[in-house]
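Structure record follows, encoded as structure tokens.
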Amino acid sequence: GLYVDLTAGYDAANHQAFWLFQSIDPNTLLPTTDPLKGFLLKRDSSNPTHGNGYVNFTIKPINTAATGDTISAYASIIFDANDSMLTSRAFNTIDAVAPTTQMNPVVQTVASNKYRISWHGNDDPGGSGRASSSLYVSVNGAPYTLFTANITDTFTVFTGVADSTYCFFVAGVDSVKNIETLRNTCQLSFKPSGIALPLTWLSFTGVKRGSNALLNWTTANEINTKYFSVERSSDGTHFNTIGTVATTASGNGVNPYNYIDPNIVALGVKTLYYRLRQVDNDGQFSYSKVISLDVDRNGLDPLIVAYPNPFTQSLTVKITPANASDKTNSIELYSLQGVLMYKKELGITGTATVTLTDLPMLASGIYILKTIVNGVPGTMKLMKE
């Protein structure tokens, strides 16, 4: 037969959340004067919930919290004009980091068109432990979709369709619901024949350094790889092998490579074309894209390094111009569709190392980094986790 006024809030200065309950007489709209009336039911030995009350609240840890830190709390309760009563202290231990998971490279055939794929992963030391995983799949290059969620095992069986290509990645969840960042990139490529696909090409670039050509490339999904053949052409059609580079065979990570083609000026051509031929252990192979290099260009291209690659929310770019007087005008970041996502004006002369901490929130995927040095653009591909 009472109204209850509720006032609640948070005192940021004293780190206190508070709730004030006031029983109101519906006739006078003033606090009740009857000492036997209140918003709690009278205590009843036959019903232990009578005479009891509680409040709930949710709090997030600060960004600097580490796994193993604790959040503790206690309450001070006051009835009417009585002295306060302190509760015991409660605490929660923080698991601040999501688990990490990785697809295993082996695919097992369990029946006709039935294949077993598996993964492994761990939570951070002291964490609550991996609880489940979500598996994502791309079929024949289509966008990734959720295949199965909340998998408590470390494997699943799927039905493969002939002449289809499947790409999988997995994301782990720990016991306090920390979710691993979605990669949106292939951790395991598979055809129903059971043969893992060749590696994934991420980038391939070339710059002129003095009289030499410096070739750089990055790959992923190196599961069945053996070596790269570096091929060169003067007309973009007829290629010859000029060298080989052994693969690092480091599995599903991002792997950087480089190759120096010496004294290209002595070849007496204006433009050179390069491509890479990657060969698997079983003899299968794939080609990179073809890139061109201007041999007789006045001046030299700068050496540009960006890391980490893949990056998360910040990126460091190191630019080493060929000449100390060269000026870096700006750094720009584009989507694969050519949309400008970020730009930073610089105007720095000579070698420059710039850490980009103000990048916008970007979706996972491939982006184009463009640097403008002396008004001349240079580009490279980066992967956002």
Report the C-alpha separation of Y136 and Y144 in whole Å, then their side-chain angles, then the decisive distance to 0.1 Å, and conclude whether the ring-ring contact (aromatic ring centres under 6.0 Å, His included) test is met.
-> CA-CA 6 Å; Y136 294 80; Y144 284 91; 7.8 Å; no
Applying side chain to side chain contact (heavy atoms under 4.5 Å, CB included), run through T145 and V137 and close with a yes or a no.
-> CA-CA 6 Å; T145 58; V137 64; 4.1 Å; yes
Given the rule in the side chain to side chain contact (heavy atoms under 4.5 Å, CB included) test, do F57 and I59 qualify, once you have shown the distances and angles that lead to the verdict?
-> CA-CA 7 Å; F57 70 98; I59 185 169; 4.2 Å; yes
Between F190 and Y166, does a ring-ring contact (aromatic ring centres under 6.0 Å, His included) hold up when you go through it step by step?
-> CA-CA 5 Å; F190 178 75; Y166 298 87; 7.0 Å; no
Can you list the steps and then say if S330 with K343 is a side chain to side chain contact (heavy atoms under 4.5 Å, CB included)?
-> CA-CA 7 Å; S330 64; K343 182 175 182 179; 4.2 Å; yes
Given the rule in the side chain to side chain contact (heavy atoms under 4.5 Å, CB included) test, do R130 and T101 qualify, once you have shown the distances and angles that lead to the verdict?
-> CA-CA 9 Å; R130 191 190 69 85; T101 51; 4.2 Å; yes
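Residues P308 and L315 approach most closely at O-CD1, 3.6 Å, considering heavy atoms. In terms of heavy-atom proximity, T357 sits nearest to S314 at CA-CB, 4.4 Å. For D11 against F18, the heavy-atom pair with the smallest separation is N-CE2, 4.1 Å. Nearest heavy-atom pair across A65 and A96 is O-CB, 3.5 Å. Closest non-hydrogen pair, D44 versus H50, comes out as CB-ND1, 3.8 Å. For the residue pair V295 and K208, the shortest heavy atom distance occurs at O-NZ, 2.5 Å.
Between D95 and S175 the shortest side-chain heavy-atom distance does not fall below 4.5 Å. The shortest side-chain heavy-atom distance between T247 and Y257 falls under the 4.5 Å cut-off. Using a 4.5 Å heavy-atom threshold, the side chains of T154 and H120 count as separate. Inter-residue side-chain proximity for V279 and T244 is flagged as unmet; no heavy-atom pair is nearer than 4.5 Å. When side chains are defined from C-beta on, V245 does not count as touching N258, because their heavy atoms never get closer than 4.5 Å. Looking at L135 and I117, their side chains come closer than 4.5 Å, going by heavy atoms from C-beta outward.
Between I260 atom CD1 and L214 atom CG the span is 6.0 Å, to the nearest 0.5 Å. M85 contributes atom CE, which lies 9.0 Å from atom CD1 of I78 (distance to the nearest 0.5 angstrom). Here the NZ atom belonging to K327 is positioned 10.5 Å from the CD1 atom belonging to I348, to the nearest 0.5 angstrom. Taking CG of L2 as the start and CG of N27 as the end, the distance is 10.0 Å to the nearest 0.5 Å. With values rounded to the nearest 0.5 angstrom, C167 atom SG is found 9.5 Å from N140 atom CG. Atoms CZ and OG, from F147 and S138 in turn, are 13.0 Å apart once rounded to the nearest 0.5 Å.
Linking Ile, Leu, Val, Met, Phe, Trp and Tyr residues whenever their side-chain heavy atoms come within less than 4.5 Å places L215 and L267 in a single cluster. Cluster annotation: F21 is connected to L40 through the hydrophobic network of ILVMFWY side chains, with a link wherever side-chain heavy atoms come within less than 4.5 Å. V157 and F169 fall into different hydrophobic clusters, where Ile, Leu, Val, Met, Phe, Trp and Tyr are joined by side-chain heavy atoms under 4.5 Å apart, directly or via other members. A continuous path of hydrophobic side-chain contacts links L382 to I331 [ILVMFWY only; heavy atoms under 4.5 Å]. Hydrophobic clustering of Ile, Leu, Val, Met, Phe, Trp and Tyr side chains at less than 4.5 Å, counting indirect connections, unites L362 with V317.
Of the possible polar contacts, none joining the E332 side chain to the E345 backbone as a donor-acceptor pair under 3.5 Å is found. Between the side chain of D25 and the backbone N or O of T32, no donor-acceptor pair lies under 3.5 Å. Side-chain N or O atoms of E180 include one that pairs as donor or acceptor with a backbone N or O of G172 at under 3.5 Å. For Q187 (side chain) and V170 (main-chain N/O), a donor-acceptor pair under 3.5 Å exists by modelled atom type. Under the 3.5 Å distance criterion, the side-chain polar atoms of Y115 are matched with a main-chain donor or acceptor of P192.
Side-chain contact check for S203 and T218: at least one donor-acceptor pair (N or O, by modelled atom type) lies under 3.5 Å. No donor-acceptor contact under 3.5 angstrom links the side chains of K384 and S364, judged on distance only.
Other residues sharing a hydrophobic cluster with F155 under the 4.5 Å side-chain heavy-atom criterion for ILVMFWY residues do not exist; the residue is a singleton.
The side-chain tip of K318 does not point at the ring of Y307 from less than 6.0 angstrom away and within 45° of straight on.
With sequence neighbours left out, the salt bridge (charged side-chain N to carboxylate O under 4.0 Å, His left out) criterion links D174 to no other residue. Shown here are the salt bridge (charged side-chain N to carboxylate O under 4.0 Å, His left out) partners of K289, two or more places apart in sequence or in another chain: there are none. For the salt bridge (charged side-chain N to carboxylate O under 4.0 Å, His left out) test, residues two or more places apart in sequence or in another chain that qualify with R232 are D261.
Sparse packing is recorded around CG of D83, with 12 or fewer heavy atoms of other residues, nucleotides or ligands lying under 6.0 Å away.
Within the structure, no pair that satisfies the ring-ring contact (aromatic ring centres under 6.0 Å, His included) test touches residues 66-103, not counting sequence neighbours.
With W217 as the fixed residue, the ring pair (Phe, Tyr, Trp, His ring centres under 6.0 Å) test singles out one of F228, Y287, Y259: F228.
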Can you give each donor-acceptor pair under 3.5 Å made by side-chain atoms of residues 3-10, sequence neighbours left out, with the distance rounded to 0.1 Å?
none

